[in-house]
There are 2 protein chains.
Amino acid sequence: MNDTAHAGADLLQVTEPHRELLDQVLDKWSLQVLDQLCGRPLRFNELRRAIPAIGQKSLTTTLRRLERNGMIERLVLPVRPVAVEYRVAPVGDTLNQLVDALLQWTTQNMTEVELSRKRFDAQN
Amino acid sequence: MNDTAHAGADLLQVTEPHRELLDQVLDKWSLQVLDQLCGRPLRFNELRRAIPAIGQKSLTTTLRRLERNGMIERLVLPVRPVAVEYRVAPVGDTLNQLVDALLQWTTQNMTEVELSRKRFDAQN
DNA sequence: CGGCATCCGATCGGATACTG
DNA sequence: CAGTATCCGATCGGATGCCG
């Protein structure tokens with residue numbers, strides 16, 4: 001046993017590149033885009049309709065970032081007018097499984113969280 | 001079989017409250033705070049030193065939000081001058097396990113991600 | 001259709017000063 | 001020590017207009 005003595009459980013530490021990656025693929029919109037692309041590819045405007053709250057600008061940057069990190073693939077279909085298809089890449093799919101685990105976690109703990117919020121808000 | 005016909009895998013959909021919760025407990029700083037508090041409690045300034053990049057303001061709001069959602073507990077110790085101890089609550093601990101899974105995922109896929117980034121950046 | 005460029009108000013977050 | 005309060009520059013993101 002070495003000198004880092006607090007009870008194990010995290011052998012991993014959060015180094016900058018790791019934190020940055022999670023930051024890029026796990027943000028507010030990326031979660032939903034990833035979730036929407038689960039299973040079947042979607043077009044740009046299909047994604048917009050599927051996630052009404054997202055603006056065109058945000059969707060664009062989100063898709064670009066996900067593509068840059070290899071989470072999704074961008075396919076320009078040879079038709080007129082232009083059609084672009086987005087689909088999850090294999091790596092993105094492994095991430096998607098973790099995202100699903102997170103969503104399950106939220107459903108399981110939502111009531112407790114809401115109770116905690118009520119208690120907190122009442123006190124302050 | 002009903003009319004939502006794309007291949008299963010996600011039975012969960014991202015509803016607003018769920019998305020909002022993940023947004024509050026899974027953001028950039030919350031991840032690191034949660035990770036730091038894993039196992040042992042820490043004081044305010046201990047957290048600051050453990051996460052040098054975080055500002056005092058951001059740390060405060062992050063801790064408040066985590067507390068409000070029930071992820072951590074805030075203990076004011078009866079000493080002079082004031083001492084405050086932060087520790088993960090049981091719910092937060094279940095979240096922490098998912099965060100650890102995410103960190104493992106980043107370590108496993110970091111090289112592939114970096115390759116993807118190089119390819120992307122070279123093209124644009 | 002799938003963007004990019006620009007303007008611009010709102011929000012974030014760092015730096016600094018002060019307090020129980 | 002553990003914050004709160006304030007100022008303020010930087011960043012985000014919506015709205016709009018234009019294009020291949």
Side-chain angles (χ1 to χ4, degrees), chain A residues 16 19-20 22-34 36-37 40-69 71-88 120-121 123-124, chain B residues 16 19-20 22-34 36-37 40-69 71-88 120-121 123-124:
Chain A
E16 254 310 287
R19 195 203 59 64
E20 190 211 5
L22 288 181
D23 225 39
Q24 298 215 354
V25 300
L26 221 63
D27 70 283
K28 172 176 176 172
W29 296 124
S30 297
L31 282 183
Q32 298 179 72
V33 169
L34 231 28
Q36 285 295 331
L37 291 180
R40 83 290 197 197
L42 286 180
R43 305 260 299 275
F44 187 85
N45 283 321
E46 288 179 322
L47 277 168
R48 288 197 70 173
R49 283 187 291 271
I51 314 173
I54 199 173
Q56 177 268 326
K57 193 175 182 177
S58 299
L59 180 54
T60 302
T61 58
T62 299
L63 288 170
R64 288 290 171 281
R65 195 170 46 224
L66 286 176
E67 186 195 359
R68 192 177 104 94
N69 287 288
M71 298 299 115
I72 63 174
E73 286 160 11
R74 181 175 181 271
L75 243 81
V76 181
L77 306 178
V79 297
R80 285 287 328 233
V82 204
V84 179
E85 202 178 82
Y86 292 94
R87 60 174 67 231
V88 267
F120 185 94
D121 294 342
Q123 208 119 26
N124 314 293
Chain B
E16 254 308 288
R19 196 204 58 65
E20 190 211 4
L22 288 181
D23 225 38
Q24 298 214 354
V25 300
L26 222 64
D27 71 283
K28 172 176 175 171
W29 295 123
S30 298
L31 282 183
Q32 298 180 72
V33 168
L34 231 29
Q36 284 296 329
L37 291 181
R40 83 291 197 196
L42 285 180
R43 304 262 299 276
F44 187 84
N45 283 322
E46 288 178 321
L47 276 169
R48 287 198 71 174
R49 282 186 290 273
I51 314 173
I54 199 173
Q56 178 268 332
K57 194 176 182 178
S58 300
L59 180 55
T60 301
T61 58
T62 299
L63 287 170
R64 287 290 172 282
R65 195 170 46 225
L66 286 175
E67 185 196 0
R68 192 176 104 92
N69 287 287
M71 298 300 115
I72 64 173
E73 285 160 10
R74 180 175 181 273
L75 244 81
V76 181
L77 306 178
V79 297
R80 286 287 327 235
V82 205
V84 179
E85 201 178 80
Y86 293 95
R87 61 175 67 231
V88 267
F120 185 94
D121 293 343
Q123 209 119 24
N124 315 296

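Heavy atoms only: backbone and side chains are in, while hydrogens, waters and symmetry mates are out.
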What heavy-atom pair brings Val25(B) and Ser30(B) nearest, and what distance separates the two atoms?
-> O-CB, 3.4 Å
Assign each of Glu85(B) and Thr61(A) to its nearest nucleotide of DNA chain D by heavy atoms, then name whichever residue's nucleotide is nearer the 5' end.
-> Glu85(B)
Where is the tightest heavy-atom contact between Trp29(B) and Thr62(B), given as atom of each residue plus distance?
-> CB-OG1, 3.7 Å
Have a look at Arg80(A) and say if it touches a base, only the backbone sugar-phosphate, or nothing, with a 4.0 Å heavy-atom cut-off.
-> nothing
Any chance you could list the contact pattern along nucleotides 14-20 of chain C? Use B for base contacts, S for sugar-phosphate-only contacts and - for none, protein heavy atoms under 4.0 Å, 5' to 3'.
-> B-----B
Look at the side-chain N and O atoms of Tyr86(A) and state whether any lies under 4.0 Å from the OP1 or OP2 oxygen of dC1(C).
-> no
May I ask you to test the Ile72(B)-Leu34(B) pair for a side-chain heavy-atom distance under 4.5 Å?
-> yes
Rounded distance (nearest 0.5 Å) linking atom CG of Asp27(B) with atom CG of Asp27(A) = 11.0 Å
Describe the nucleic acid contact of Arg48(A) in one word from base, sugar-phosphate, nothing, applying a heavy-atom distance below 4.0 Å.
-> nothing
Just call it for Arg74(A): base, sugar-phosphate, or nothing, with non-hydrogen atoms closer than 4.0 Å on any strand.
-> sugar-phosphate
Could you check how far CG of Leu77(A) sits from P of dC1(C), rounded to whole Å?
-> 14 Å
Kindly write out the residues that satisfy side-chain hydrogen bond (donor to acceptor under 3.5 Å, both in side chains) with Ser58(A), not counting sequence neighbours, or none if the list is empty.
-> none
Between which nucleotides of DNA chain D, 5' to 3', does chain B make heavy-atom contacts below 4.0 Å?
-> dC1(D) to dC7(D)
Measure the shortest side-chain to side-chain distance between Leu26(B) and Leu31(B) over non-hydrogen atoms and say whether it is less than 4.5 angstrom.
-> yes
Terminal helix-axis angle for the helix from dC1(C)-dG20(D) to dG20(C)-dC1(D), with five pairs defining each axis and rounding to 10 degrees | 50°
Please tabulate, for the side chains in residues 41-56 of chain A, all donor-acceptor contacts under 3.5 angstrom to protein atoms that are two or more places apart in sequence or on a different chain.
from	atom 1	to	atom 2	distance (Å)
Glu46(A)	OE1	Arg43(A)	N	2.7
Gln56(A)	NE2	Thr60(A)	OG1	3.1

Salt bridge (Lys or Arg N to Asp or Glu O under 4.0 Å) with Arg74(B): which residues, sequence neighbours excluded?
-> none
So, does Asn69(A) use its side chain to make a donor-acceptor pair with the main chain of Arg65(A) at under 3.5 Å?
-> yes
Side chains of Arg64(B) and Arg68(B): closer than 4.5 Å at any heavy-atom pair?
-> no
